[in-house]
Amino acid sequence: QKDERQVLEPALTAIKNLSKNQALIIDVRPNGGGSEPFAEEVAGCFVNQPVVYAKHVYRDNNTQTGWGQIQERTLKPNSDIPTYHGKVAVLMGQANLSSCEAFLLMMKQLPNCKLIGERSYGSSGNPKPYDIGNGVTVWLPSWKALRPDGSCFEGQGIEPDITVRAIEKQLREKDPILESALRYLRSNF
């Protein structure tokens with residue numbers, strides 16, 4: 001977690017230093033997850049008040065359905081950084097999963113933010129180790145990750161607000177996802 005903190009601090013400093021800018025691009029396309037609390041610190045720079053960004057339900061073998069009560073996850077403002085009020089474009093793609101998908105859901109709650117790119121992978125599951133008794137431990141999902149409306153995104157992913165597909169060859173010449181973000185951010189200025 002120390003390495004993640006070393007990456008997080010410059011990101012928070014950049015958001016703080018750019019707080020008066022009219023527009024900001026956050027590119028998470030290569031991000032495969034990490035720390036949801038760190039994601040909350042970053043996304044918290046963009047909200048003035050708490051907002052529900054996701055829900056989840058844990059496995060519970062003691063219930064008839066096999067699932068416990070649905071629980072909400074709430075994004076709170078990051079009081080250490082001035083709230084950013086400009087337009088935001090988050091570049092996303094198929095490599096995004098786990099805690100990065102939670103970050104995408106956080107940012108999707110902002111009225112001045114658009115997710116741009118391709119659908120995320122759709123895999124969270126909060127894996128936990130289970131000893132199956134023969135010296136083998138397997139990691140199995142312990143929950144279902146849900147959108148704020150309660151629908152499950154496991155196996156489906158998070159849809160961008162603006163879908164832009166890009167193949168590797170295109171990205172060598174230009175970046176259509178970045179270009180789409182720039183068009184969005186430049187509109188209405």
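Note that this is a predicted model, so its numbers are computed, not measured.
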Working for side chain to side chain contact (heavy atoms under 4.5 Å, CB included), residues Leu75 and Gln109: CA-CA 9 Å; Leu75 175 62; Gln109 306 315 304; over 6 Å; no
How long is the gap from [atom1] on [X] to [atom2] on [Y], to the nearest 0.5 Å?
X: Gln22; Y: Arg186; atom1: CD; atom2: CZ; answer: 12.5 Å
X: Leu140; Y: Lys128; atom1: CG; atom2: NZ; answer: 12.0 Å
X: Ile162; Y: Lys114; atom1: CD1; atom2: NZ; answer: 6.5 Å
X: Leu178; Y: Arg183; atom1: CG; atom2: CZ; answer: 10.0 Å
X: Asn96; Y: Leu115; atom1: CG; atom2: CG; answer: 9.5 Å
X: Lys144; Y: Lys55; atom1: NZ; atom2: NZ; answer: 13.5 Å

Do [X] and [Y] land in one hydrophobic cluster if side-chain heavy atoms of ILVMFWY residues count as linked below 4.5 Å?
X: Val57; Y: Phe153; value: no
X: Leu18; Y: Phe103; value: yes
X: Ile132; Y: Trp139; value: no
X: Trp143; Y: Leu97; value: no
X: Met107; Y: Val51; value: yes

Please step through side chain to side chain contact (heavy atoms under 4.5 Å, CB included) for the pair Leu12 and Val42, ending with a clear verdict. CA-CA 6 Å; Leu12 292 173; Val42 173; 4.1 Å; yes
Holding to salt bridge (charged side-chain N to carboxylate O under 4.0 Å, His left out), I want the full list of residues that pass it with Arg29, two or more places apart in sequence or in another chain. Asp27, Asp175
Across all chains, not counting sequence neighbours, the salt bridge (charged side-chain N to carboxylate O under 4.0 Å, His left out) partners of Glu36 are Arg73
Nearest heavy atoms of [X] and [Y], plus distance in Å:
X: Pro77; Y: Gln49; result: CG-N, 3.7 Å
X: Cys100; Y: Asn31; result: CB-OD1, 3.2 Å
X: Cys152; Y: Arg147; result: O-NH1, 3.0 Å
X: Ile26; Y: Val88; result: CD1-CG1, 4.2 Å
X: Ser98; Y: Gly32; result: CB-O, 4.1 Å
X: Glu154; Y: Ser123; result: OE1-CA, 3.6 Å

Measuring only between side-chain heavy atoms, which start at C-beta, is [X] closer than 4.5 Å to [Y]?
X: Leu182; Y: Ile25; answer: yes
X: Arg59; Y: Trp67; answer: yes
X: Cys113; Y: Lys108; answer: no
X: Phe46; Y: Leu24; answer: yes
X: Ile81; Y: Ser19; answer: no

Exceeds 12 heavy-atom contacts within 6.0 angstrom, atom CG of Asn17: yes
Using a cut-off of 6.0 Å, state whether more than 12 heavy atoms not belonging to Tyr121 lie near its atom OH. no
Would you say the side chains of Tyr53 and Glu40 form a donor-acceptor pair under 3.5 Å? yes
I'd like to know if the side chain of [X] reaches the main chain of [Y], judged simply by a donor and an acceptor atom lying under 3.5 Å from each other, with no hydrogens or angles considered.
X: Asn21; Y: Gly86; answer: no
X: Thr13; Y: Glu9; answer: yes
X: Asn112; Y: His85; answer: yes
X: Ser187; Y: Tyr184; answer: yes
X: Thr137; Y: Pro129; answer: no

